Structure formats: C-alpha cells, structure tokens
Amino acid sequence: MIELVYFAWVRERIGEARESHETNAKTVRDLIEELKQKEERYAVAFSDLNTIRVAIDQDLVDMDSSIENAKEVAFFPPMTGG
Amino acid sequence: MIELVYFAWVRERIGEARESHETNAKTVRDLIEELKQKEERYAVAFSDLNTIRVAIDQDLVDMDSSIENAKEVAFFPPMTGG
Amino acid sequence: MKISVQAEPFDYGALSNAFAQGHTHVGAVVTFCGIVRDDELGGLSTMEIEHYPGMTEKAIKAHAQTAKDRFSLAEVLVIHRYGSLKPGEMIMMVATAAPHRNDAFQGAEFLMDYLKSRAPFWKKEIVNGEPRWVDAKPEDEDALSRW
Amino acid sequence: MKISVQAEPFDYGALSNAFAQGHTHVGAVVTFCGIVRDDELGGLSTMEIEHYPGMTEKAIKAHAQTAKDRFSLAEVLVIHRYGSLKPGEMIMMVATAAPHRNDAFQGAEFLMDYLKSRAPFWKKEIVNGEPRWVDAKPEDEDALSRW
C-alpha cells in the first residue's frame with residue numbers, strides 16, 4: 001500500500017489531493033499506466049508525461065525509478081517557485 | 001594656468017593635494033614629463049605610468065589626451081572602490 | 001543556514017540587516033527579493049502559491065547546502081512564502097555572504113535558479129477573475145545548465 | 001535613481017525595504033552590501049576611504065544610468081561611504097529592481113564591477129599600526145571585459 005499525493009493542476013484534474021493505492025507496478029512509469037487504465041480523470045491528468053514531475057518519499061526521481069520500498073509517491077507539474 | 005589635483009599615494013609622494021601650474025604642454029604625457037623634470041618628488045610619483053590614472057575636468061582620459069582647455073587635471077592610482 | 005517556508009509576510013529589510021551585521025570576515029552580502037508582479041494590463045488580482053510541505057524544506061536545505069559548499073559562503077538565508085498574495089507583496093528572499101563579491105553573487109544566482117525549477121512550489125494567478133496555473137519557462141530550466 | 005556619496009553610516013535594511021516596496025511591475029530586487037573585511041590574522045584596525053569629490057558623483061551617475069538603460073532596470077540605488085571605517089562596518093550598497101531576476105542580477109554585478117575600478121575611490125588599510133594603500137586587483141580590471 002502506497003500513498004499517492006497530487007499537486008497543482010494534477011491534483012485538480014484527479015480531483016483529490018491524496019489517496020492510498022495498492023499496486024504491483026515496479027516503476028513510476030508502470031504505476032502511471034496502471035492509474036491511466038483505472039479511470040478517465042487519471043488519463044487526462046497524465047496525458048502528457050513531459051509535463052509531469054515525480055517525487056518518491058520527497059526526492060525528485062525519473063519515470064523509470066523503482067517504486068519498491070516507496071511510502072509516498074507525488075505527482076505534480078514542473079515547479080514554478082522563486 | 002591649470003589646477004593640478006592629486007589623490008592617494010600620488011598625493012602623498014608629491015606632498016600636496018592641489019596646486020596651480022603654468023604650462024605649455026599639449027598632452028597629459030607632456031605635462032607629466034614637465035613635472036618630472038621640475039622636482040625629484042614628481043619623478044618619484046610618476047616613475048611608473050602604468051600605475052597612474054588621469055582625469056581632465058573629472059572625466060577619465062588617457063595619457064595622450066590633449067590638455068588644451070583643461071581647467072583641472074587629476075592624477076591618482078588605479079581606483080579601489082566598492 | 002536559516003530556511004523558512006511560511007504563509008506570513010517577512011521583513012526583508014530587518015532580515016537583510018541582521019544577515020549583514022556582525023561579520024568581520026565577510027566582505028560581500030547579496031540579497032534577492034521576489035515580488036508579485038502584475039502584467040502591463042493590470043489584471044492580476046491574486047497569486048496563490050501551493051507547495052509540498054516537508055519536501056519543500058528538504059529540497060531548499062539541500063540546495064542551500066550545495067550553494068554554501070560550492071561558493072564558499074559564510075552564511076545563507078532562504079525565506080519562501082505560500083498562500084494567497086497580492087501584486088507588490090514579497091514572495092521570497094535569499095541572502096548570501098562571502099569573503100568576495102563574485103561568490104556572493106554566484107551563490108545567490110545559483111540558489112534562485114534552483115528554487116525556480118527544483119523546489120516544489122506552484123503558482124496560480126487570478127487574472128480578471130480567471131485562475132490560471134503559471135507555466136514553467138523553458139529558460140528557467142535552461143538556466144540550470146550553467147551550473 | 002538615488003545616489004549618495006557620504007561619510008555617515010547608512011541603514012542597509014531600511015533602504016532595501018524602501019527600495020523594494022510599492023512596485024507592482026517589478027518582480028525582482030537585488031542588493032549588494034560591501035563590508036570592511038579583516039584578514040585571517042585579524043590585524044586590520046581601520047580602513048580609510050579617500051575619494052574625488054565631484055567626480056565621484058558624476059562617475060557613479062553615469063554608470064548607474066548605463067546600467068539602467070542596458071538592463072531595463074526600473075530603479076537603481078548606489079550609496080558609497082568615505083572616511084574612516086572599522087572592520088564589520090558597511091562601506092557601500094547598490095540595489096537594482098527589474099521585471100525579471102536576470103536583469104536585476106546582471107545590473108547589480110555590472111554596477112559593482114564599474115564601481116570597483118572606475119569610480120574614484122582609494123582604500124588605505126591600517127594593519128598592525130602600519131598604513132598601506134590597497135592595490136587594484138588585476139581580476140577587477142579583467143571583470144570589466146565581460147560587459
């Protein structure tokens with residue numbers, strides 16, 4: 001069981017900020033595919049992976065990173081701080 | 001008659017901050033030569049022209065600038081502001 | 001190293017003074033202050049800043065430590081607000097202190113480039129009543145390549 | 001454009017706050033503050049700063065105007081002290097304001113590089129009781145070549 005958290009327009013498109021999720025996916029990319037299959041709102045949020053950034057347990061990672069041992073996976077658009 | 005003004009170690013070596021001077025020199029370089037001939041303290045102050053900066057009427061100029069129409073000629077070391 | 005992620009306004013001047021005082025081996029202090037900027041048409045009413053609590057502090061700490069080591073900084077300060085801000089309000093500040101000016105400038109620019117694209121903040125503008133997420137600029141991503 | 005050449009101390013924080021406030025079309029403010037820095041051995045007792053009254057103001061004004069035009073700055077501030085200063089005292093500050101951060105940073109660095117080598121100030125340090133004029137550094141002259 002992992003925690004999925006969403007920010008900015010990813011959160012708005014998925015319609016919630018946080019959920020628990022049971023998965024057999026091995027990588028971030030697999031996990032996103034699994035979510036896109038599940039419901040239309042995920043397919044919309046993840047339609048262009050170039051605009052999606054991912055953090056595992058609060059560290060930025062790339063799409064092919066393993067989610068084994070991950071407690072929290074976060075999805076969000078490119079950051080616009082400063 | 002022009003005013004000569006000196007700053008920092010140029011002033012210390014010449015021993016005064018300001019003096020009036022009658023000259024027929026055409027350029028800054030000629031004027032410096034004339035001063036060096038006059039007295040030893042000028043020869044010491046102007047011994048290495050690479051370390052001398054010049055302003056005519058408060059604008060930086062180079063050694064070959066004309067001093068015709070100059071009211072005030074200033075001599076000083078490379079600047080160390082900031 | 002002082003880092004704060006906060007909703008409340010901060011006092012840029014008081015923080016700058018405190019940061020610059022009491023050093024005898026620091027010759028140079030640089031500060032940057034980011035301000036909510038309206039566009040030419042004047043339609044911006046509010047900027048909302050969302051962040052990822054926990055990760056934000058962690059990412060800023062890591063970037064600040066990298067800046068400190070890389071540019072031999074004597075001191076680093078980063079303050080970044082979140083929540084709802086009006087045009088003219090201060091969003092964030094950084095300050096760097098170093099023996100020489102070049103390190104202080106480079107350290108501040110490095111930090112700003114990383115905060116722009118690598119700290120988990122997202123800006124939403126309310127323009128003429130319409131909310132819109134601010135897009136990341138390609139030049140902000142490009143700016144990282146110089147470090 | 002605010003320029004001041006003065007013997008008196010200045011309030012870096014209050015000036016930074018006043019400079020950064022009240023803008024809605026400025027997104028970025030950068031300040032630099034120069035501080036009298038002691039060396040590692042701790043022998044510096046005093047720094048004396050001499051300048052060329054009249055030319056100093058004129059040179060700073062010209063450089064500030066060039067920076068303003070070249071980097072599209074909304075506002076520029078330069079304060080520089082002369083006279084006798086102690087380690088830890090603030091010598092000078094510059095501040096720049098611009099719509100975008102890169103211009104504010106570049107404008108401040110440009111101004112600093114010019115003030116270092118083109119404004120008529122000369123520093124003399126009293127180290128262990130011995131006065132010595134500070135030599136201009138070749139790298140300060142080199143820094144001008146990038147602009």
Side-chain angles (χ1 to χ4, degrees), chain C residues 10-42 44 47 74 86-102 104-106 108-113 115-116 137 139-140 142-143 146, chain D residues 10-42 44 47 74 86-102 104-106 108-113 115-116 137 139-140 142-143 146:
Chain C
F10 56 89
D11 188 329
Y12 175 47
L15 289 164
S16 297
N17 256 350
F19 187 83
Q21 267 154 13
H23 302 286
T24 53
H25 298 288
V26 159
V29 165
V30 169
T31 74
F32 177 93
C33 177
I35 297 167
V36 179
R37 183 172 61 91
D38 201 355
D39 64 8
E40 292 66 35
L41 303 171
L44 180 70
M47 177 174 278
K86 299 287 166 203
E89 274 196 83
M90 295 175 183
I91 305 171
M92 51 85 64
M93 73 173 284
V94 308
T96 55
H100 300 288
R101 78 184 184 287
N102 199 40
F105 272 119
Q106 296 268 101
E109 291 191 54
F110 171 90
L111 263 173
M112 284 308 303
D113 285 349
L115 287 171
K116 276 272 165 191
K137 293 193 207 113
E139 61 261 36
D140 283 335
D142 295 347
R146 63 174 163 151
Chain D
F10 57 90
D11 188 330
Y12 175 46
L15 289 164
S16 296
N17 256 351
F19 187 83
Q21 267 154 14
H23 302 287
T24 51
H25 297 287
V26 159
V29 166
V30 169
T31 74
F32 176 94
C33 177
I35 297 167
V36 179
R37 183 172 62 90
D38 201 356
D39 62 8
E40 290 67 35
L41 302 171
L44 180 70
M47 177 174 277
K86 299 287 169 204
E89 273 195 82
M90 294 175 183
I91 305 171
M92 52 85 64
M93 73 173 284
V94 308
T96 54
H100 300 287
R101 79 183 184 287
N102 199 40
F105 273 120
Q106 297 269 100
E109 291 192 52
F110 171 91
L111 264 173
M112 284 308 303
D113 285 349
L115 288 171
K116 277 273 165 189
K137 293 193 206 112
E139 61 262 37
D140 283 334
D142 295 347
R146 63 172 162 152

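Protein chains get the first letters and strands the later ones, always in sequence-line order, with residue 1 at the start of each. Being a predicted model, the structure only gives us computed values, none of them experimental.
- Contact annotation for D:Ala108: both backbone and side-chain heavy atoms come within less than 4.5 Å of a heavy atom of chain C.
- Expressed to the nearest 0.5 Å, how far NE2 of D:His100 lies from NZ of C:Lys137 amounts to 5.5 Å.
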Donor-acceptor pairs are to be reported for all side-chain atoms of residues 12-20 of chain D against protein atoms at under 3.5 Å, with residues two or more places apart or in another chain.
unit_1: D:Tyr12; atom_1: OH; unit_2: D:Thr31; atom_2: OG1; d: 2.7
unit_1: D:Ser16; atom_1: OG; unit_2: D:Tyr12; atom_2: O; d: 2.8
unit_1: D:Asn17; atom_1: OD1; unit_2: C:Gly13; atom_2: N; d: 3.0
unit_1: D:Asn17; atom_1: ND2; unit_2: C:Asp11; atom_2: OD1; d: 2.8

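- If you measure heavy-atom distances from C:Val30 to chain D, the contacts under 4.5 Å come from both the backbone and the side chain.
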Give the intermediate values and the outcome of side chain to side chain contact (heavy atoms under 4.5 Å, CB included) for residues C:Glu109 and D:Glu109.
CA-CA 11 Å; C:Glu109 291 191 54; D:Glu109 291 192 52; 2.3 Å; yes
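- Interface residue D:Met90: only side-chain heavy atoms are found under 4.5 Å from chain C.
- Chain D forms more heavy-atom pairs under 4.5 Å with one residue of C:Gly22, C:Gly34, C:Pro87, C:Pro99 than with any other, namely C:Pro99.
- D:Asp38 is linked by a side chain to side chain donor-acceptor pair (under 3.5 Å) to nothing, counting only residues two or more places apart in sequence or in another chain.
- Ranking C:His25, C:Met93, C:Glu89, C:Gln21 against chain D, the residue ahead of the rest is C:His25, based on heavy-atom pairs under 4.5 Å.
- Here the CG-CG distance, from C:Asp113 to D:Asn102, works out to 8.0 Å after rounding to the nearest 0.5 Å.
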Passes side chain to side chain contact (heavy atoms under 4.5 Å, CB included), D:Arg37 versus C:His23? Steps please.
CA-CA 8 Å; D:Arg37 183 172 62 90; C:His23 302 286; over 6 Å; no
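- No part of C:Lys86 comes within reach of chain D, as not one of its non-hydrogen atoms sits under 4.5 angstrom from that chain.
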